[in-house]
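Here's the structure, in structure tokens; my notes come after.
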There are 4 protein chains.
Amino acid sequence: MAATLVSALSSRRKGGEDTSTPAKRARRKEARPGELLAAALTLFVEKGYAATRVEEVAQLAGVSKGTLFLYFANKEELFKAVVRENLAGHFPEWNAEFDVWSGNTSELLQYALREWWERVGSTPVAGITKLMMSEAANFPELASFYESEVMAPGRSLVQRILQRGVDRGEFRLIAPADMRHAVYAVLAPMLFLMSWKHSFGACAAPTEAIDPVRYLEQQARILLHGLCAPTATTSPAMRAASTA
Amino acid sequence: MAATLVSALSSRRKGGEDTSTPAKRARRKEARPGELLAAALTLFVEKGYAATRVEEVAQLAGVSKGTLFLYFANKEELFKAVVRENLAGHFPEWNAEFDVWSGNTSELLQYALREWWERVGSTPVAGITKLMMSEAANFPELASFYESEVMAPGRSLVQRILQRGVDRGEFRLIAPADMRHAVYAVLAPMLFLMSWKHSFGACAAPTEAIDPVRYLEQQARILLHGLCAPTATTSPAMRAASTA
Amino acid sequence: MAATLVSALSSRRKGGEDTSTPAKRARRKEARPGELLAAALTLFVEKGYAATRVEEVAQLAGVSKGTLFLYFANKEELFKAVVRENLAGHFPEWNAEFDVWSGNTSELLQYALREWWERVGSTPVAGITKLMMSEAANFPELASFYESEVMAPGRSLVQRILQRGVDRGEFRLIAPADMRHAVYAVLAPMLFLMSWKHSFGACAAPTEAIDPVRYLEQQARILLHGLCAPTATTSPAMRAASTA
Amino acid sequence: MAATLVSALSSRRKGGEDTSTPAKRARRKEARPGELLAAALTLFVEKGYAATRVEEVAQLAGVSKGTLFLYFANKEELFKAVVRENLAGHFPEWNAEFDVWSGNTSELLQYALREWWERVGSTPVAGITKLMMSEAANFPELASFYESEVMAPGRSLVQRILQRGVDRGEFRLIAPADMRHAVYAVLAPMLFLMSWKHSFGACAAPTEAIDPVRYLEQQARILLHGLCAPTATTSPAMRAASTA
DNA sequence: AATGAATGAGTATTCATTCAT
DNA sequence: GATGAATGAATACTCATTCAT
């Protein structure tokens with residue numbers, strides 16, 4: 001499975017230097033948009049939308065300002081392209097991983113959080129989500145796009161995990177009406193972590209900083225408390241909580 | 001106590017039309033800062049810090065650009081004043097409420113989350129925090145101001161609540177090393193909710209929308225599971241979780 | 001003679017607190033323009049025309065901004081008034097001093113330079129001249145005024161001194177065509193000194209600073225060389241110079 | 001030597017229309033800084049530093065506001081560039097001329113004053129110095145720049161000339177303590193002339209106007225009196241003066 | 001007369017976008 | 001295609017001046 005993932009992720013890097021070696025010029029031409037998008041990703045994540053200057057993007061991509069506008073009508077289109085490019089569905093592969101999971105669901109959930117941090121949360125891609133949350137109001141259409149292309153599949157994936165737990169009798173029943181919030185109970189710590197890391201996290205005193213791995217572990221533990229089916233006597237409080 | 005708060009909050013609206021009718025000019029002068037702060041709050045939340053032009057703020061408040069600078073030295077000070085007026089300035093009263101709480105700590109925590117939603121989360125003020133998370137990287141001075149004037153007091157307030165629970169034997173012991181993350185376990189849902197509401201929340205399909213009140217209740221339940229001292233037999237999983 | 005001067009100068013300070021003591025209010029009212037002019041003099045000299053804010057002038061005079069505009073139509077008029085006020089002819093008295101001088105003319109010239117430094121060069125009034133030289137281009141009409149009210153009488157005074165020296169056989173003959181420049185040879189060091197003191201002089205390293213008294217003494221010596229009638233053998237070079 | 005200078009100066013005008021006709025754009029790009037500097041010189045001199053708007057400079061140079069900032073980081077740098085182009089940058093060549101002078105020092109001094117008038121005093125460049133004297137107090141950074149880039153080299157150049165005269169036995173000894181003021185005795189007439197020409201000189205009656213060339217000649221003669229070593233008997237007065 | 005709250009014209013600088021080469 | 005020189009719209013902040021009180 002790990003192999004699956006790795007290869008899938010590596011495909012993110014556009015084709016590259018290896019293949020059939022056509023004229024250098026032509027190859028570069030073909031690669032331009034990708035190089036620009038990569039540069040834009042880096043800078044948008046690092047400095048935000050408004051603070052990123054297109055000239056910097058062009059420079060980082062090794063072309064002139066004018067060239068950038070040859071490929072992208074304007075800064076806004078560039079931004080949209082960056083977002084679209086970088087959330088090109090990894091969900092099929094993630095869903096596939098989930099499908100072949102044979103262990104119990106608690107472990108699956110913990111594994112999912114851990115892996116998410118490795119593959120997304122700790123990478124620049126996390127910055128895209130933070131960026132989207134920041135700029136959603138200014139780019140409603142992009143936000144919609146993100147909603148349907150990322151958030152919805154994400155919710156769906158989480159929901160399948162939770163349902164698996166319920167179906168296999170590992171988790172308590174989750175009322176259909178509660179499922180939506182249960183899903184967010186899993187997603188929120190991830191979304192929060194991405195926001196945090198790229199905002200206050202950047203200027204928090206070390207004593208107040210969040211350790212993402214420990215934070216996620218703790219959240220997982222707390223969640224599983226509420227989710228796991230009682231194997232024995234349970235306090236009334238716990239029973240109440242588990243209906244969530 | 002609720003009364004205390006309500007009256008305190010209501011006093012935010014400057015006295016106004018009642019007394020001895022001073023000179024019109026004078027009355028306006030007294031009202032100006034409040035009007036400007038209200039306008040600034042609206043626009044900062046709606047458009048972000050950088051995208052809000054001071055002239056717009058002045059216009060919305062019904063005065064000229066110059067007048068705004070009569071009351072606030074610059075845009076940054078205006079923003080800080082908005083933060084102080086709506087957030088930072090309220091911690092004394094919130095701390096005071098906490099001090100006089102006589103019930104048990106679980107209820108205090110639930111009450112706190114509920115009240116927070118009423119007084120902050122559901123109001124435009126929530127947009128300020130979302131704004132700060134969005135722009136923190138671009139305005140480090142503001143971020144640092146916010147961190148010390150809002151985040152730190154907020155963490156402190158939460159920590160006092162948790163400590164109260166521990167001290168009274170209602171909550172499990174929380175290892176000093178864990179306290180930091182425990183505090184964030186309480187704050188994260190609030191911070192997340194504010195981010196969400198002003199980003200994807202604005203374009204989420206109703207079926208996928210978060211119901212803040214229910215979401216917070218659920219989070220409270222989940223948290224209390226992990227925090228409450230066991231009154232009876234407890235599953236091993238729970239024991240593990242409770243060390244968080 | 002000194003007495004003459006002193007009393008004349010002291011009259012610069014408007015009447016003041018001593019006389020018939022009418023209602024305080026009335027007295028202040030009468031004094032307002034003078035107080036404003038004094039404040040304006042100070043600030044114009046210290047900071048220049050453009051950099052002086054009328055509000056500061058008002059403040060320094062102890063009145064409100066609005067009051068200033070009650071007495072002076074605008075900033076420009078205020079400036080003109082300051083200049084006019086402060087060059088209110090001391091020339092009659094200075095001419096009078098000159099008339100009663102009984103010593104030799106070399107000494108008169110040296111005395112004049114020394115006294116000028118004491119009474120004008122080292123006082124804020126010097127700043128007015130520097131100010132006028134700076135702003136002449138922006139206030140041509142004022143420059144004309146200054147030309148006729150200050151520069152012309154000044155030239156005239158110097159010329160009378162030189163002529164006295166010639167008439168008494170103390171100085172060489174000065175051809176009418178040379179007189180004009182001879183006058184400037186005396187005035188230039190004074191004008192230069194005023195410019196210098198309020199420009200580079202304010203930021204010159206101590207090692208490069210001009211010591212006004214020594215500088216003027218030196219200039220006087222140099223001038224008298226060229227002016228004095230030869231009492232004995234003189235080098236050919238000196239003869240040539242003395243025609244200036 | 002004059003040839004040297006003339007050619008050096010003529011090179012100020014960028015090569016230009018001659019060679020292989022590069023792309024129009026490129027040719028303009030090369031010419032831009034010079035055009036902008038010329039425009040800036042004109043306007044700074046005419047209106048002063050603060051009163052000159054960068055947009056006007058751009059307009060006069062026939063480009064847009066933005067273009068100016070392509071070549072000069074900001075207004076201050078533009079001004080500094082003007083100073084360097086027209087004054088500071090010429091000291092090497094002026095020093096070089098001095099080095100190759102073979103005649104006697106009296107003539108060198110006279111030549112220097114004459115040439116200074118031709119190349120600087122009578123040109124708009126003189127306005128820069130007048131400008132600096134006017135605005136030094138308001139722009140300490142510029143003043144300090146001017147002091148180190150122009151005044152100091154200027155003093156140094158004059159001092160070298162005086163020292164040359166002393167070393168060759170043409171001038172009397174100048175005590176180290178007197179050197180500073182001796183230098184200013186040479187510079188002052190020049191500085192004064194520049195101030196004058198751009199202030200009262202603009203509105204003085206023709207009969208009272210200074211004829212710069214004659215004025216400088218006269219000053220030279222006066223100075224040399226004081227400086228030249230006695231070739232024969234000398235009056236006591238002269239001896240005194242020569243210590244200056 | 002005196003106040004001081006209110007006004008709004010004026011300006012350096014940035015940066016997305018264009019287009020001649 | 002690619003370049004990079006040129007553009008000009010956009011914005012925070014100041015301060016002389018006005019005028020209702």
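Just so it is clear: chains get the letters A, B, ... in the order the sequence lines come, proteins before strands, and each one is counted from 1.
Each of D/E76 and A/E76 has a nearest nucleotide on DNA chain E; the 5'-most of these lies closest to D/E76. Position along DNA chain F of the nearest nucleotide to C/N74 versus D/L68 favours D/L68 as the more 5'-ward residue. Both D/L70 and B/L70 lie near DNA chain E, and the one whose nearest nucleotide falls closer to the 5' end is B/L70.
Spacing between atom CZ of C/F79 and atom C1' of F/dA16 amounts to 16 Å, rounded to whole angstrom units. Between B/E55 atom CD and F/dT11 atom P there is a gap of 9 Å when expressed in whole angstrom units. One can place CZ of A/R53 at 11 Å from C1' of E/dA16, the figure rounded to the nearest angstrom. Atom CG of C/L43 and atom C1' of F/dA16 are 16 Å apart (whole Å). Here the P atom of nucleotide F/dA12 and the CZ atom of B/F44 are 9 Å apart, to the nearest Å. Protein atom CD of D/Q59 is 14 Å distant from nucleotide atom C1' of F/dT7, rounded to whole Å. Between B/L36 atom CG and E/dA6 atom C1' the separation is 12 Å, expressed in whole Å. Atom CD in D/E77 sits roughly 14 Å away from atom C1' in E/dA12 (whole-Å rounding).
By the 4.5 Å heavy-atom criterion applied to side chains, C/V82 and C/N86 are counted as neighbours. Two residues are said to be in side-chain contact when any heavy atoms from C-beta on lie closer than 4.5 Å; B/R84 and B/F145 meet this criterion.
Comment: D/K80 does not engage D/E149 in a salt bridge, judged by the lack of any side-chain N to carboxylate O separation of less than 4.0 angstrom.
B/Y71 has no side-chain polar atom (N or O) that falls below the 4.0 Å cut-off from OP1 or OP2 of E/dA5. For E/dT7, the OP1/OP2 oxygens have a side-chain nitrogen or oxygen of B/T67 closer than 4.0 Å.
Both tests hold for C/K75 against C/Y49: distance to the six-membered ring centre under 6.0 Å, angle to the ring axis within 45°.
For the residue pair A/E135 / A/N138, a side-chain donor-acceptor distance below 3.5 Å is found, with atom types taken as modelled.
Base pairing analysis places F/dA20 opposite E/dT3; the two distances defining the Watson-Crick or G-U wobble pair are each below 3.5 Å. Pair check for E/dG8 finds F/dC15; Watson-Crick or G-U wobble, both atom distances under 3.5 Å.
Taking the side chain of D/S64 as heavy atoms from C-beta on, and the options E/dA6, F/dG8, F/dC13, the nearest nucleotide is F/dG8. Distance from the side chain of B/F69 is smallest to F/dT14 among F/dT14, E/dT18, E/dT3.
Applying the 3.5 Å distance criterion, the base of E/dT13 shares a donor-acceptor pair with the side chain of D/K65.
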